[in-house]
Number of protein chains: 4
Amino acid sequence: MPLAKLSCPIKKALHAKRERRKEARPGELLDAALDLFVEKGFAATRAEEVAARAGVSKGTLFLYFQSKEELFKAVVRENISGHIRELNAAFDTFEGSAKDMVVQCMQTWWQRVGATKSAGIDKLITSEASNFPELASFYQAEVIEPGQILTRRILQKGIDNGEFRPLDLDYAVFGIIAPMMFLIMTKNSPNAFCSDQIFLNPEKYIAMQIDMLLNGISAIPATSHPIKTSPHEFN
Amino acid sequence: MPLAKLSCPIKKALHAKRERRKEARPGELLDAALDLFVEKGFAATRAEEVAARAGVSKGTLFLYFQSKEELFKAVVRENISGHIRELNAAFDTFEGSAKDMVVQCMQTWWQRVGATKSAGIDKLITSEASNFPELASFYQAEVIEPGQILTRRILQKGIDNGEFRPLDLDYAVFGIIAPMMFLIMTKNSPNAFCSDQIFLNPEKYIAMQIDMLLNGISAIPATSHPIKTSPHEFN
Amino acid sequence: MPLAKLSCPIKKALHAKRERRKEARPGELLDAALDLFVEKGFAATRAEEVAARAGVSKGTLFLYFQSKEELFKAVVRENISGHIRELNAAFDTFEGSAKDMVVQCMQTWWQRVGATKSAGIDKLITSEASNFPELASFYQAEVIEPGQILTRRILQKGIDNGEFRPLDLDYAVFGIIAPMMFLIMTKNSPNAFCSDQIFLNPEKYIAMQIDMLLNGISAIPATSHPIKTSPHEFN
Amino acid sequence: MPLAKLSCPIKKALHAKRERRKEARPGELLDAALDLFVEKGFAATRAEEVAARAGVSKGTLFLYFQSKEELFKAVVRENISGHIRELNAAFDTFEGSAKDMVVQCMQTWWQRVGATKSAGIDKLITSEASNFPELASFYQAEVIEPGQILTRRILQKGIDNGEFRPLDLDYAVFGIIAPMMFLIMTKNSPNAFCSDQIFLNPEKYIAMQIDMLLNGISAIPATSHPIKTSPHEFN
DNA sequence: GATGAATGAGGATTCATTCAT
DNA sequence: CATGAATGAATCCTCATTCAT
């Protein structure tokens with residue numbers, strides 16, 4: 001009604017914008033929800049807040065998502081998507097050494113996934129997995145396993161061509177995965193890990209982890225270093 | 001006043017046997033709370049549920065803890081402070097090499113902290129930190145920083161005596177911390193990481209991580225391995 | 001989530017017809033709250049009861065008032081501020097004698113304030129003041145002091161023009177205020193003061209009080225009547 | 001147990017004190033309850049607080065009083081007692097004039113009743129009457145009516161002997177009662193009436209009220225002063 | 001009798017969800 | 001479709017009352 005009587009161009013612009021928005025609503029809601037779920041957790045995020053951040057009313061949220069739980073699931077499903085698939089495809093055509101591939105894979109993953117909001121999903125899942133078992137298995141199938149398979153392929157290639165020493169791949173994959181997951185956690189749990197003194201620069205962190213991963217920290221590395229319970233035990 | 005007016009026999013039957021065990025209550029409540037907080041998160045855990053699991057009534061919980069939040073803090077204090085302090089003390093009297101110390105430290109930490117219920121708290125914190133800023137800084141001061149300092153001491157010792165090559169300690173510490181945090185996450189987010197096929201054996205995982213940490217994965221490790229953006233980039 | 005799972009016809013029947021009358025709600029709630037607070041006191045009045053009397057649900061009450069205490073304050077603000085201000089304004093333009101003004105003021109106050117539900121608030125305050133210090137000072141500033149100032153102005157005028165004998169105004173004001181407060185108390189504590197036999201007619205009561213106030217009860221009044229401990233003491 | 005092994009005199013003293021106390025308990029509880037009920041109201045007073053102030057445990061309170069309501073009733077009944085009866089008896093043997101009697105009665109009542117904790121009962125009743133109808137009628141019968149009868153007797157005597165002009169006693173009694181009730185209210189509702197600036201001296205207040213009651217405030221009192229709606233009305 | 005630990009009904013408040021406009 | 005007023009189940013917490021010691 002306010003704009004009803006004037007048919008100046010601005011009105012059309014507004015309507016056009018609203019039209020476009022109509023299409024975009026679910027996406028805006030998902031974005032807002034992602035932010036808030038990551039920041040505050042599922043339970044502590046209020047539906048109204050999500051709506052407000054998306055610029056719509058509470059009612060509209062429930063127009064697009066049956067419930068807060070469904071919204072949560074949609075957020076996860078929407079964001080888990082094909083990043084890993086994409087990395088896998090890239091691997092198929094990659095020409096360099098396995099070492100380069102490790103470097104490339106970790107750096108690229110960070111740029112395309114870890115540094116984006118999507119990474120918040122990983123944190124979300126770890127927090128809420130037990131309250132949403134079905135989501136957890138979805139995540140398992142969509143992210144965890146493909147990620148492990150990709151990692152495994154890279155390591156296998158390095159072993160095959162003599163770049164890497166023989167490794168138990170079931171466990172070695174976590175040499176790559178663990179530091180990246182840890183980075184996500186620190187990035188997405190602002191108060192938990194990052195005091196003022198300790199603040200990670202992601203690129204430097206990744207570089208260092210790659211360095212340690214490939215070369216270890218020992219000055220004179222032993223190719224075979226059997227770990228056993230040391231004779232020097234803690235009291 | 002509630003039951004005051006009916007003094008029929010059924011009333012007595014309604015009351016569970018009232019045991020008076022003032023000394024034991026707080027501990028039982030803390031145990032119950034730890035279980036539930038770890039399992040479901042802070043917000044999703046109802047006060048009454050905690051009480052029920054401890055075998056007491058709602059009211060009794062609030063007899064010992066001013067609020068649910070205070071209960072949470074008490075759980076944290078009870079379960080995590082001291083562990084790191086203990087490890088630090090152990091370090092002071094340790095005789096072996098820095099490598100042995102790394103091995104020992106990671107294995108001992110796992111046995112004494114990581115494998116226990118307490119470790120669930122670490123996962124909890126990452127989820128709830130933003131909703132409880134003061135708790136987060138408490139955790140920061142009590143756990144994160146002491147842990148980093150201990151790790152740093154060990155690495156420094158190894159560098160000093162030539163066991164380890166020179167390292168940027170600010171980042172190298174995460175070579176030890178990250179895999180352990182990752183292990184906690186997987187252990188305490190049962191559905192998120194551990195499908196039926198992929199199930200970690202913690203000791204084996206730790207051994208492998210130590211192996212990679214000390215020796216890296218390269219067949220012919222380069223003592224200096226500058227990481228740079230590879231010429232072979234992903235598409 | 002509550003009713004989400006049952007979508008049987010009975011569900012619709014459970015919902016009372018939902019009327020949307022945003023403008024009207026606060027007023028209706030304030031009226032209901034006034035009634036109940038006056039009748040039962042602040043603490044003994046349940047929020048849900050107020051809502052029910054206003055014809056809305058519990059939740060709606062908290063939509064308009066942040067808390068029960070805020071509701072209480074709103075009731076006070078709505079009902080008592082302004083009355084005294086109004087009387088003060090009336091005084092400014094009053095033409096008659098001071099005596100007439102006393103008469104007029106007491107009668108008008110009764111009609112406009114004392115006889116209305118608002119007066120129940122005055123009684124309320126005396127009961128709940130100690131539990132709501134900030135409310136008490138609000139009341140003090142908004143009602144008590146302006147009331148005293150008005151009373152004092154009237155008496156001063158009468159003294160100045162020789163209608164009244166010289167009086168210690170700090171205390172004389174209560175010659176007017178006390179009987180009116182007493183009237184409020186009796187009117188709003190139905191069981192406490194008004195048995196079947198003894199039932200006050202307010203207008204007659206006020207007339208009588210005015211008569212006694214202006215003329216006293218002595219047959220041959222002494223202009224100066226120093227009160228001292230009488231030689232005839234009670235045993 | 002702490003004192004079990006020493007049989008020094010101090011132990012006996014403690015026991016002796018406890019013995020004596022046992023008799024006094026209900027009285028101490030009633031005193032504590034009176035204080036707290038007057039100060040905070042019925043609902044806002046916690047049973048435990050009453051017990052604590054009486055120096056006993058929560059359980060003990062319910063040993064002597066079936067419920068908080070019964071405690072309240074006992075407090076009222078205990079304190080309403082024979083003050084008025086006493087004043088009535090004093091009147092029977094009083095020798096002085098009716099004027100002296102008014103003076104005496106008001107001053108004595110203040111000293112023996114108004115200034116004591118018992119007066120808190122009057123405030124209590126006005127606050128809680130509607131929640132405790134039975135108490136209200138008890139109060140009515142024990143306090144209000146005897147008080148009015150006494151007042152009436154005094155006034156009647158003054159009229160009979162020509163000291164007072166003819167009065168409608170049904171209303172004139174409140175010329176004496178109202179200021180006293182008002183005084184009680186102000187004294188027992190600390191925050192409601194007494195700001196820093198306005199603080200009543202009871203004796204001075206009573207003297208002034210007596211002065212006004214007996215003599216009025218007019219400079220030239222008219223024995224007959226018919227109150228009617230003045231031609232000068234407030235706007 | 002006295003104690004105070006334990007109980008649980010009750011009440012304030014929140015917030016996901018509904019639905020009249 | 002969009003809105004936001006209205007709803008009421010759910011949850012934290014209090015405190016009168018009970019009862020084992």
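All chains are named by letter (A, B, ...) in the order of the sequence lines, taking the proteins before the strands, and each is independently numbered beginning at 1.
Here salt bridge (charged side-chain N to carboxylate O under 4.0 Å, His left out) pairs that include residues 55-70 of chain B, with residues two or more places apart or in two chains, are Glu70(B)-Lys73(B).
Of the residues in residues 32-46 of chain B, those placing a heavy atom less than 4.0 Å from an atom of DNA chain F are Thr45(B), Arg46(B), in numerical order. Within residues 56-64 of chain B, the residues that have a heavy atom under 4.0 Å from DNA chain F are, in order of number, Lys58(B), Phe62(B). Contacts between residues 66-75 of chain C and DNA chain E, counted as heavy-atom distances below 4.0 Å, involve Ser67(C), Lys68(C).
In this structure, Leu71(C) and Phe37(C) have side chains that are in contact, with non-hydrogen atoms separated by less than 4.5 Å. No side-chain heavy atom of Leu34(B) sits less than 4.5 Å from a side-chain heavy atom of Leu30(B).
Residues passing the side-chain hydrogen bond (donor to acceptor under 3.5 Å, both in side chains) test with Glu49(A) are Lys40(A), sequence neighbours excluded. Every residue meeting the side-chain contact (heavy atoms from CB on, under 4.5 Å) condition with Ala136(C), not counting sequence neighbours, appears here in chain and number order: Ala129(C), Asn191(D). In terms of the side-chain hydrogen bond (donor to acceptor under 3.5 Å, both in side chains) criterion, residue partners of Asp35(C) (sequence neighbours excluded) are, by chain and number, Lys117(C). Partners of Phe132(A) according to the ring-ring contact (aromatic ring centres under 6.0 Å, His included) rule, which considers only residues two or more places apart in sequence or in another chain, are Phe42(A), Phe72(A). Partners of Glu28(C) according to the salt bridge (charged side-chain N to carboxylate O under 4.0 Å, His left out) rule, which considers only residues two or more places apart in sequence or in another chain, are Arg21(C), Arg25(C). Looking at residues two or more places apart in sequence or on another chain, you find a side-chain hydrogen bond (donor to acceptor under 3.5 Å, both in side chains) between Glu128(D) and Asn131(D). Residues satisfying the side-chain hydrogen bond (donor to acceptor under 3.5 Å, both in side chains) test with Ser57(A), not counting sequence neighbours, are Thr60(A).
In this structure, the side chain of Ser127(B) does not engage the main chain of Ser127(A) through any donor-acceptor pair within 3.5 Å.
Here the closest non-hydrogen pair linking Leu29(A) and Ala54(A) is CD2-CB, 3.6 Å.
Between Gly55(C) and Ala47(B), it is Gly55(C) whose nearest contact on DNA chain F lies nearer the 5' terminus.
Between the CG atom of Leu29(A) and the P atom of dC1(F) there is a distance of 14 Å, given to the nearest Å. Note: CD (Glu48(C)) to P (dT13(E)) measures 13 Å, nearest angstrom.
End-to-end axis angle of the helix from dA2(E)-dT21(F) to dT21(E)-dA2(F), from C1' rotation axes over five pairs per end: 10° (rounded to 10 degrees).
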_Would Leu124(D) and Leu135(D) count as a side-chain contact (heavy atoms from CB on, under 4.5 Å) here? Give the steps._
CA-CA 11 Å; Leu124(D) 263 188; Leu135(D) 275 188; over 6 Å; no
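Between Arg25(B) and dA6(E), a side-chain N or O to OP1/OP2 separation shorter than 4.0 Å is present.
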